[in-house]
Structure formats: C-alpha cells, structure tokens
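In what follows, a single structure is set out as structure tokens and then discussed.
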Amino acid sequence: MVTKASGGSPVVKPQLYKTASMLTIAQAEQQDRFLELGELNQLVSFLNTGNIRLEIADLLTKNANIIVARAADRIFVGGSAISYLERPQASIIEANSADIASIRQMSGDSQSNFLENLTSVFQGNNATPTGFKPISVVRYGPSRMKKSLRDLDWFLRYLTYAIVASDPNILFVNIRGLREIIENACSSAATIVALKEMKKTSLSLFPENSIQKEIIEEYFNVVVDEFINPALTDTIRKRTSNDLQGLRLPQIYAKAGISRQKFVMKPGLSTDEKQSVISACYRQVFERDISKAYGFSFSVLESQVKNGQISIKEFVRSLGKSSVYQKQFYQPYVNSRVVELAFRHFLGRNLSSLAEFQKFFAILSKKGLTGLVDSLINSREYSDYFNEETVPYIRGFGEEPQECRNWGTQIDLFQYSAPFRKVPQSITLFSDYLKALPDQHPYGRGNDPLLIQFGAIFPIGTKNLKQNPAPFGKDTRRLLIRRGPGIYNQVGNPSTRSVSVGSLGPKVFKSEGINSNAQKTNNESILQASYLAVFGRMIYQNERIGLKGIDNKFLDNNLSVKELIRSLAISDTFRSLYWTPLYVCKSIEWIHYRLLGRPTYGRQEINQYFNIAYKKGFVGVINSIIDSVEYNECFGDNIVPYERYLTANSVSQRQLKLGNIIKSANLKPQNIEKFVQLGQSQTNQNLYSIKYKVKQGVSKLRDQQKIFETKGSLSKDAYLSIFQAACRQIFERDISTFVIGNEIENIKIQFIKGQISVKEMINALGKSSVYLKEFYNPYPNIKVIELGTKHFLGRAPNNQAEIRFYNQILASCGLQAFIDMLTNSQEYAEIFGEVRVPFRRFPTLPAANFPNTNTLFDKQTKQNSVVIVPSFKAITGNQ
C-alpha cells in the first residue's frame with residue numbers, strides 16, 4: 001500500500017543529543033523515582049565545571065585561526081594555507097603577559113616559515129598515519145583548499161559545542177562516517193594528522209596539569225577516534241510488511257538519543273534488582289509503579305517471577321488480564337482506544353495501519369480483553385523484541401524507525417497524559433486516508449489559513465491543532481478558482497491563457513504603443529500597477545529612491561513591461577520583503593503568487609523552484625518564473641501580471657458579510673410611560689434583527705430538523721442514509737459496520753433489501769449486543785429507562801409513574817421486553833409509525849417536557865452518567 005501522507009505533527013522535535021543534565025534526569029524519570037546521590041553528584045559536577053568549560057570554548061574560539069593554521073601548515077606545503085579560510089582573523093587572548101611572546105611565535109607567517117613547516121611534517125611527536133603525504137597548495141587548487149580549511153574549522157567548532165554541553169555524543173553523531181566521505185575527496189590520513197596537530201596546539205594554550213587540559217584531551221580523543229572508526233549501518237525494523245513505513249533508522253540517532261533503560265530478569269540478580277524489574281513491568285503496563293503509588297502489588301505473581309516459576313512474559317500477560325488493568329484501561333474506554341493503549345503497554349508502539357487495527361479490533365470484539373492480550377503477547381513481534389525475560393519498553397525515538405503517517409498519534413500515545421484522553425486517534429487518522437482530500441493544511445489542521453497554503457506553519461495558526469496529516473503528496477494538485485470565465489481555466493483549456501478575461505476579471509494594464517502622448521500617460525499608470533503587482537503595496541519614498549533609475553528607463557521606453565517586472569523583482573526592496581525574512585518554501589509561494597498571479601498548484605511545482613533556488617539562488621528563481629512559458633503566454637512583454645487564480649478560502653474571505661449598517665438618527669425625547677421605555681431596544685435594529693426577535697423562544701432546531709422516512713421508491717443511497725440516521729439516533733454516533741461485526745451489518749443489508757421496515761430495524765438495533773453493551777450493562781435501570789425513551793421515543797420520561805411502570809418491565813422481563821414495549825406503544829405508532837426513524841421531540845419551547853429532554857440530548861451519555869428524571873419533585877398527580 002502506498003501512502004501519500006505527510007507527518008502528522010509539526011511541533012514534535014526529537015531530542016538528538018543528551019547533555020549530562022538531561023541524561024541524569026531522564027533515567028530517573030523513566031524509573032519514576034527521585035534522583036539518587038550519585039546522579040545528584042553528576043549534576044553538581046556538571047554545574048561546577050560550567051565556567052571552566054565556557055572558558056575553554058572561549059579561548060579555543062579566540063585562537064581558532066591559529067589552531068586551524070598550524071594544522072593546515074602540517075599537511076599543506078608550498079603556500080599560505082590560512083589565507084583560504086573564509087572568516088576574519090581572530091585575535092589572541094592575552095591571559096598572561098608572560099605568554100605573549102610564545103603566542104606570537106605560534107602565529108607566525110606560514111609562508112615565510114615554509115622550510116620549518118616542511119621539516120615539522122617529518123619530525124612530529126605523533127606517529128604519522130600510513131599513506132600520509134604532504135599536499136601541495138598549488139596543485140590542490142583554491143576551491144579544494146577553501147573546503148579543506150572550512151572542514152578543519154568545522155571540527156574545532158563542534159568540539160566547542162560538545163565541551164559546553166558536556167556531551168561527547170555531539171561529536172559521535174556528526175563525525176562518525178566522515179572518513180569515507182573525505183577519503184573520496186581528499187585524504188583521510190592527512191585529516192588525522194591535522195586533527196592531532198589541532199589537539200597539540202590547543203593543549204599548548206593551557207597550563208600543565210590543569211583540568212582544562214584533561215577536558216581538551218578527552219574530547220579531542222573522541223574526535224580522532226570517531227573519525228577513524230567506520231560508519232555504522234542502519235537499524236532495521238524487525239517486522240516487515242508492504243503497508244508499513246519507516247523501516248530504517250541511522251544508528252547514530254539510536255545511539256545518540258536518550259535511550260530507555262531495558263530491564264531483563266536473570267537468575268543471578270539480587271532481590272533488589274529483581275524488584276526493580278518487577279517495578280518496570282508495573283510502569284510499562286499500568287503507566288505507573290502501583291506498588292509505590294498505591295501500596296498495591298501482585299504478591300503471588302511477584303514471588304513466582306522471583307523464584308523462576310514464571311517468566312516476565314507470563315507475568316506481563318497476567319497483569320494485562322488482571323482486574324486492575326480492566327478497571328483502568330478497559331472499562332472506561334471505547335474498544336478503539338482500548339486497542340491503542342494495549343499496543344502501547346504490550347508492544348511499546350502505536351498502531352501502524354487500518355488493516356492492523358481491524359484485525360485486533362475484531363479479536364477484542366470476539367474474545368474480549370483476554371484474547372487481545374494473548375494475541376499481542378503471543379505475536380512474533382513481541383518475541384523478536386522482548387522474548388521471554390525482557391520487560392516491554394516504549395519504542396520511540398532512537399529505539400527503532402518511526403512511521404511518518406501516524407507520527408502525531410504516536411507521540412500523543414507516548415505522553416504521560418495518554419490515559420486521560422479517552423478519544424481514539426488512530427482510527428480517525430486512518431479513516432482520513434480513505435476519504436477525499438480534507439480541507440486542511442498539509443502539516444495539520446488549523447495551520448496557515450491564508451490564501452497560500454502549501455508553505456510553512458504560522459505561530460498564530462497553531463492553536464487547537466489537530467495532528468491529523470493531510471494526505472497531500474507531490475502528485476496532488478490543489479484546486480484553484482479562476483478570476484474570470486471558467487471556460488478560460490488553464491487546466492481544462494491551456495490554449496486560452498493569452499485570452500483576455502474582459503470585464504469579468506480584474507483590470508489589465510497593457511502597454512499599447514511607443515511614441516505617443518497617450519502612451520506616456522499610460523506608462524505612468526502601468527508603472528504604478530507594476531509596483532502594486534510586484535510589491536503588493538505602494539512602496540515608501542525612501543525605498544523608491546533606489547528604484548528611480550528603473551522608473552526612468554521604463555518611462556523613456558528603454559524597458560518593456562516584462563523587463564520592468566524583472567528589474568523590480570530582483571531589487572533589494574523586493575528581496576527584503578519576500579526573500580530575506582522568509583525561508584525558501586514560503587518565499588517561493590509569495591514570489592510565484594506575485595509574478596505569475598496564482599498560488600502554486602502543489603509540492604511538485606514547489607520542488608522544482610526549490611531545486612532552482614538551491615542551485616541558482618534568488619535571482620535564478622525570479623528569472624525562471626518570468627522566462628517561463630506560462631508567463632509569456634499569459635502576460636507576454638507588455639502586460640502587468642494580475643491576479644488570475646485564488647484558493648477557495650481566499651474567495652470566502654473576500655465575500656462581503658452583511659452587518660448592521662444603519663445610520664444613526666437623532667430622536668427627540670418624549671414623555672412616555674416607564675414600562676414602554678423599559679421595553680424599547682437600546683440600539684437601532686434592522687429588519688433582520690426585528691424578525692429574529694419576533695421569533696424569540698422558537699429555536700431554529702424546529703425548522704432545521706430533518707425527518708428520515710421511507711416513502712415511495714427510494715434508491716440504495718437513500719436507504720443507506722436512513723440506516724445511518726437510525727444508528728445516530730439509537731447509538732448516538734455513526735457506526736462503521738466494518739469494525740463492529742456482522743450483527744449490525746446484517747441488519748443494514750436486510751433493511752436496504754426491503755426485508756424489514758424502519759420500525760423493525762429500530763427494534764433490531766435496540767436488541768443488538770452493541771446496544772446491550774453500550775447502554776444497558778454500564779448503567780442502573782433508571783438511567784436505562786431514560787436512554788430508552790430518548791432513543792426510541794425522542795424525549796425524556798414524563799414523570800415518576802412512567803419510570804416505575806417501565807422499571808417493573810425491565811426488572812421482570814429484561815431489556816428486549818422493554819424495547820418491545822416502547823416500539824409497540826401507541827405513542828410510537830402515532831408519532832413515527834412503520835416508516836419513520838425516531839427523532840428528538842420537543843426541540844423548543846413551549847413544551848412541558850422540554851427542559852429534561854433538552855438536558856438529556858445536550859449531554860453525551862459516555863461523558864455524563866447523571867440521571868436526569870429524579871430531579872422531579874413529588875407532587876400530586878405525579879405519583
């Protein structure tokens with residue numbers, strides 16, 4: 001299965017490096033405990049040496065040019081290598097006046113000391129690597145010299161990063177594997193010699209036997225060792241399937257990230273160590289250490305694990321089948337969420353595909369929680385990752401490759417707050433892939449509501465984000481609305497690009513002639529229109545000064561309109577508006593819109609301009625747009641670019657919204673009665689507001705309510721709509737029959753084929769196992785009666801007498817008899833009959849039963865189990 005989907009969460013940034021403080025705290029956080037004495041000492045040491053590490057980085061930075069120069073002189077001969085370093089010469093720190101002479105000697109001119117440098121190649125203290133030969137500056141060439149000096153400076157810069165962060169993994173991640181790359185372009189032996197010389201020079205800057213020297217030597221050793229070591233192979237996911245993504249992960253990410261501690265039960269462990277493994281099981285399955293938090297433990301199972309009678313795998317299985325797990329992660333949730341949480345607890349990941357969800361949802365529906373736990377723990381994936389004695393762990397960043405299409409839901413499921421979110425996410429995400437393209441941004445809903453929607457994420461648009469990714473791939477084209485007659489749309493009729501849209505489109509400014517007085521006036525209008533088209537506004541006077549030469553050339557007919565647009569677009573003013581403050585993707589969006597008069601069609605078009613921007617820069621993007629076939633066909637040499645296409649969202653934003661536009665009138669005060677004065681409106685009202693107030697007390701629900709019924713000959717789609725309306729009424733939600741089972745599906749098929757009436761379908765849905773599970777088992781009889789009258793009669797119970805009547809039937813005969821009583825009642829026959837789906841009655845005032853009915857329908861059953869009807873007071877006639 002090919003999934004054309006982007007990542008679901010734009011705000012997730014995996015931690016690539018681990019500083020000393022983060023690593024210490026992360027280990028304690030994973031084990032749900034306070035920091036121990038040794039970890040606190042590590043933090044104290046990290047903080048106490050902070051100033052020393054900053055001083056080291058500061059001194060190395062100030063002497064960076066000298067360190068790089070000495071390293072370059074060690075491997076290059078025949079010229080001044082330092083002259084090819086593309087950054088200003090750094091000054092030397094004068095820590096002690098006595099060291100000034102030695103520092104000056106260190107920074108001597110490499111060209112004048114050529115023979116001295118050549119001799120140092122063969123007289124170094126460190127052993128010269130095999131295959132090293134001094135490199136001639138002249139033969140090596142200026143371009144390669146600049147790259148080599150840049151690389152040496154890069155090594156030193158990342159060394160300072162690692163020292164400040166107290167994290168050698170920064171060097172590990174960025175240096176491991178460079179030897180193979182440099183070997184193809186230069187010489188790895190020469191690079192090793194240069195690194196050792198940089199180490200020697202850096203150590204000479206610090207006093208003997210100092211802590212600074214120890215730190216410098218430690219980190220330089222990491223640099224050299226990691227450069228010498230070969231690159232690591234990618235980590236491969238242990239499960240393979242055609243519908244899975246993210247099968248590879250570079251090992252540098254896995255080893256540099258903050259990995260989770262893995263607990264394995266072994267016979268030789270001490271009692272405390274075995275207890276730590278058991279606590280890890282509690283944290284993984286229950287998401288907390290229940291023995292520490294609640295003083296609760298499975299003492300019999302714990303003793304069996306410690307004595308070797310059962311394995312960790314069987315211990316985890318028993319925890320998943322326990323009543324504690326059922327109460328915490330099964331009973332409060334719908335089945336979709338139960339499957340998601342079970343994958344987190346027993347496999348350490350989220351669901352991967354809709355097919356996987358359907359498989360395990362069916363197992364949960366048929367075999368219950370016990371069957372789901374057994375199927376996960378008995379799976380091959382569990383054996384590959386955890387086997388018999390390893391405690392399951394979260395397989396997040398750094399543990400294995402992550403999938404792109406469920407990125408956001410994966411992150412949410414790993415959060416500490418996951419159990420507090422009862423809404424299933426994966427099934428909603430997977431269902432989006434099966435639907436048509438949703439009206440949302442490719443980086444997640446709620447982003448970038450402007451007319452340019454394929455660019456970046458705006459800070460303002462990050463509120464209330466939904467992390468579902470839009471399935472927009474590079475082959476997806478966005479729908480644009482033509483400004484003008486639709487017959488001239490360039491997608492359906494490309495040959496009409498050059499046809500004028502006339503009065504139905506925007507005003508077009510066109511240069512007609514060359515030598516005429518009318519043309520001179522026209523040129524001034526064209527010039528103003530060009531500024532508005534290119535810059536989007538009239539530019540300021542001081543900005544116009546720098547463009548005066550372009551204006552004069554155009555007014556003197558030395559520039560065509562096309563060249564005028566090109567000159568304005570490559571100006572510093574345009575660059576400062578649409579290139580410098582934005583990153584490349586959003587810049588391409590705006591430049592394309594300004595010069596071609598339409599937003600981009602999609603990522604494929606953006607990728608082409610992105611490639612041009614990378615190779616030719618800002619001017620290359622401008623020239624590629626203006627010299628394109630589309631520009632020449634639409635505007636040619638004499639037409640100012642105009643807005644040709646818009647997105648649906650921008651068209652909607654430009655629509656005039658009617659408001660209360662009424663001129664204020666001066667009313668003379670009159671002597672009127674007090675009650676009339678109080679009844680008058682304090683603001684001027686238009687006709688629409690007056691009509692609205694006349695209808696106060698009558699809600700729009702009465703006019704908007706749609707009644708579903710079978711009258712006459714209906715199509716299959718109409719029958720399906722009626723069935724879906726019945727499910728929403730009975731189950732209070734849409735039912736996807738492919739995940740529920742065959743029972744509801746059979747009822748749907750019988751109804752669509754005309755084998756049962758609407759009334760019989762309602763009766764069958766009420767007697768189904770789904771209704772029994774959702775609205776009968778979890779609630780007391782009073783609540784079941786409320787829900788029954790809501791679902792089958794469209795109202796709340798009328799009084800206590802009605803509740804007592806139905807309670808006797810429910811207690812003595814069961815749920816099916818109760819539903820038969822409702823559907824066969826005279827009230828049901830008069831209101832709904834055989835052909836009509838029950839609906840909410842008493843939607844508005846006045847109605848005696850309106851308050852309770854309104855409360856019952858406005859609150860979701862799964863979120864509020866409060867009984868509504870007992871609020872009735874015992875009065876005469878209601879007994």
Can you find a heavy atom in the side chain of Met538 that is under 4.5 Å from one in the side chain of Gln528? yes

Using a 4.5 Å cut-off on heavy atoms from C-beta on, say whether the side chain of Ile175 contacts that of Tyr158. no

From CZ (Arg544) to OG1 (Thr573), nearest 0.5 Å: 10.5 Å

Residue pair Phe509 / Ile526: nearest heavy atoms and the distance that separates them: CB-CG1, 4.3 Å

Here the pair of heavy atoms bringing Ala165 nearest to Ile170 is CB-CD1, 4.0 Å

Counting C-beta onward and ignoring hydrogens, is there a side-chain heavy-atom pair between Pro641 and Leu595 closer than 4.5 Å? no

Quick one: does Ile545's side chain get under 4.5 Å of Tyr540's, heavy atoms only? no

Please step through side-chain contact (heavy atoms from CB on, under 4.5 Å) for the pair Leu577 and Trp590, ending with a clear verdict. CA-CA 10 Å; Leu577 288 175; Trp590 278 113; over 6 Å; no

Where Leu547 and Ser571 come nearest, the two heavy atoms and their spacing: CD2-CB, 3.6 Å

Nearest 0.5 Å, please: how far is CD in Glu226 from CG in Leu178? 10.5 Å

Between Asn523 and Phe554, the two heavy atoms sitting closest are O-CE2, 3.3 Å

Residues passing the salt bridge (Lys or Arg N to Asp or Glu O under 4.0 Å) test with Asp734, sequence neighbours excluded, are Arg728

If only atom types and distance count, is the side chain of Arg344 paired as donor or acceptor with the main-chain N or O of Leu413 below 3.5 Å? yes

The reported gap from OG in Ser560 to CG in Asp637 (rounded to nearest 0.5 angstrom) is 5.0 Å

One should read off an interatomic distance between Tyr578 OH and Ser587 OG, to the nearest 0.5 angstrom, of 11.0 Å

Is there a salt bridge (Lys or Arg N to Asp or Glu O under 4.0 Å) between Glu589 and Lys586 once you walk through the steps? CA-CA 5 Å; Glu589 288 273 9; Lys586 182 55 70 174; 5.5 Å; no

Can you sort out the partners of Phe535 under ring pair (Phe, Tyr, Trp, His ring centres under 6.0 Å), two or more places apart, ordered by chain and number? Tyr531

Side-chain donor-acceptor pairs under 3.5 Å in residues 613-623, sequence neighbours left out?
from   : atom 1 : to     : atom 2 : distance (Å)
Asn623 : OD1    : Arg566 : NH1    : 2.9
Asn623 : ND2    : Val619 : O      : 3.3

Compute whether any side-chain donor of one residue and acceptor of the other, for Asn632 and Asp627, lie under 3.5 angstrom apart. no

State, yes or no, whether a side-chain contact exists between Ile606 and Tyr601 at a heavy-atom distance under 4.5 Å. no

For the residue pair Ala57 and Val164, what are the closest heavy atoms and their distance? CB-CG2, 3.6 Å

Rounded at 0.5 Å granularity, tell me how far CG in Asn350 sits from CZ in Arg395. 11.5 Å

Over 60° means perpendicular and under 30° means parallel, so tell me whether Tyr631 and Phe635 are parallel, tilted or perpendicular. perpendicular

Given the options Asn174, Leu149, Leu159, Trp154 meets side chain to side chain contact (heavy atoms under 4.5 Å, CB included) only with Asn174

Contact between Leu351 and Glu356 at the side-chain level, heavy atoms closer than 4.5 Å - yes or no? yes

For Glu630, the side-chain contact (heavy atoms from CB on, under 4.5 Å) test, sequence neighbours excluded, returns Gln490, Arg497, Leu596, Arg598, Ser628, Cys634, Arg644

For Ser567, which residues count as a side-chain contact (heavy atoms from CB on, under 4.5 Å) partner, sequence neighbours excluded? Ile550, Leu559

Quick test of your reading of the model: are Arg594 and Glu643 salt-bridged, counting only N-O distances below 4.0 Å? no

Is there a donor-acceptor contact under 3.5 Å linking the side chains of Asn638 and Lys562? no

Value for OG1 (Thr600) from CD1 (Ile588), rounded to nearest 0.5 Å, stands at 9.0 Å

List the atom of Ala64, the atom of Asp153, and the distance in Å for their closest heavy-atom pair. CB-OD1, 4.5 Å

Once you measure the plane-to-plane angle for His592 and Tyr609, does it fall in the parallel (<30°), tilted (30-60°) or perpendicular (>60°) bin? perpendicular

With Pro506 via side-chain contact (heavy atoms from CB on, under 4.5 Å) - residues at least two apart: Arg483, Val501, Tyr642

Are any of the side-chain heavy atoms of Val68 and Phe155 separated by less than 4.5 Å? no

Tell me, with the steps shown, if Arg349 and Glu340 meet salt bridge (Lys or Arg N to Asp or Glu O under 4.0 Å). CA-CA 9 Å; Arg349 65 171 178 88; Glu340 292 177 356; over 6 Å; no

Taking the side chain as C-beta and beyond, is there a heavy-atom pair between Val508 and Val640 under 4.5 Å? no

Using the rule given for side-chain contact (heavy atoms from CB on, under 4.5 Å), can you reason through Ile639 versus Val561, listing the C-alpha separation, both sets of side-chain angles and the distance that settles it, and then say yes or no? CA-CA 6 Å; Ile639 296 180; Val561 175; 5.9 Å; no

